[in-house]
Amino acid sequence: MRNGVMLQGFQWELPADGRHWSLLKKQARQFARMGITSLWLPPATKGSGGANDVGYGVYDLYDLGEFDQKGSVRTKYGTAAEYRACVKALRAAGIQTLADAVLNHRLGADGTERVRAVPVNPDNRLDIGQEPVEAEVYTRFGFPGRGKRYSGFEWNASCFTAVDWNGLDPRRCLWLLEGKQWATDVDGEHGNYDYLMGADVDVNDPRVKRELNRWGRWYLLHTRVDGFRLDAVKHISAAFYRDWLKALRRASRREVYAVGEYWQPDVEALLRYLDQVDHGMDLFDVPLHFHLREASASGGAYDMRQLMQATLTQRAPMCAVTFVDNHDTQPGQSLESWVDGWFKAAAYGIILLQKEGYPCVFWGDLFGIPSRGIGAVSELPELMRIRRWCAWGEQTPAVEDSHLFGFVRGGTSAVPGSGLVFLCTNARGGVCHVEVGQDFAGQTFRCAVGGQASVRIGEDGWADFAVADGGCSVYVPQETLRVHLWRAWTTARKRLAGAVHGVRVKVLG
Ligand code: CA
């Protein structure tokens, strides 16, 4: 039994020194010790920005830092060989790896083509011009640095739906290529949100579909990753990813875990999408992120009873990947909506200790963002430890209040020392009278996070727990520490005995 934790293994402003794959490889065992069970790797594919591209401006899906293209062999994070070694080391440490698949668009074409295209209003993509006009568009991808290695597929205008640049017409609009149409099963923002950026890949074209299916199989075999984080799914035909995942799972005979990024605070849109893809993937709980952000930024005005309302965690808990922040919400990025530092420990306490959701910890929170002077969330390692040791059993609300939020985890006999009380506030703290349960009667709960005094549970199973102003408190059974110290000691003793035994065998041999 284990309580999984995903780590988003990067933030936007990592140094572009080509050493990230090697760093992750070196840290693999340390990550496992911290309780991380899966790691979302940044896009390994070569972007139009070459060695400086974060990876979302994808140029060549088959160049993972192996070919001299876009000014360098390596990507921002290292070479293809280093990527594969990193995946291997993470697997050896018992950590699942998730590749970031960016299939919506292409950037940095090798050349232009003369085509005909229709202007489209970027603010209302259903406002499409009548007459096609001559257009010069960046849609020719020949990958001269790679040649035909891994795939001979050549991308040209017939593979794309639209672009946002026409060399023959300076109008600032989108250009729908002649004979193409928007996919209808995409997000409805701007009328139709098929187009995001660059050259929009026409995933409904049969040749493109075949090629992307082929790429998925190649990627799994070539890199041995366990699954995918799917970028920008609200801009891609839902039927495409539904079929792509099914085909990939059938062909590889593997589980192929997948989580999609559908950036939309409206939970109904997420639920609709899950239906459209036959629940073939999890989704990030974007509504919950916005609730956490609001609770942190509204100066105590936010009603904490709303925190879990209309979130994916509440409505489709089996498909919810919970997170506090990510590479897009961090300061300076496109979707900046950073959860304020003072509320971070509370936010992580919620996603790591609650029963529902698969929590994803952000690199920028675990290690800080030095380029912005943002420090690490110091409580995170302890919260991750508490998740593993204590966050078990049924969950009941600890308090019903507009400024206090909290819950009790009842623990399970299968995990000795498990159970906890979690409290947080977005305003004034205080003391809450909480029912922990008869099973804990007479036991002492230690405050592991929050700096409060220990609490003895009454014979009726109730006790008073405190939380500081604007703070969070996590109380765990005193028992936990004893159990885990004992376990650590016996493991160390066994290891020592094994080592001594090993030496003896060697000497005798
Ligand atoms: Ca698209």
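Read the numbers this way: they start at 1 and go in the same order the structure lists the ligands and their atoms. Keep in mind that this is a model prediction, so the values were computed, not measured. What you see below is based on every heavy atom in this structure, not just the backbone, and it leaves out hydrogens, waters and symmetry mates.
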In terms of relative ring orientation, are F362 and W338 parallel, tilted or perpendicular, with 30° and 60° separating the classes? perpendicular
Between N104 and the Ca ion (ligand 1), is there a contact where an N/O/S atom of the residue lies under 3.0 Å from the metal? yes
Heteroatom test (N, O or S) for H105 near the Ca ion (ligand 1), limit 3.0 Å: no
Below 30° counts as parallel, above 60° as perpendicular, anything between as tilted: where do the rings of F228 and W215 land? tilted
Quick one: report the N, O or S atom of H235 that is nearest to the Ca ion (ligand 1). O
Y59 and F143 aromatic ring geometry - parallel, tilted or perpendicular at 30°/60° bounds: perpendicular
Give a rough value, rounded to 10 degrees, for the angle at the Ca ion (ligand 1) between atoms OD1 of D194 and OD1 of D200. 110°
What pair of heavy atoms forms the shortest contact from I128 to V118, and how long is it? CG2-CG1, 3.7 Å
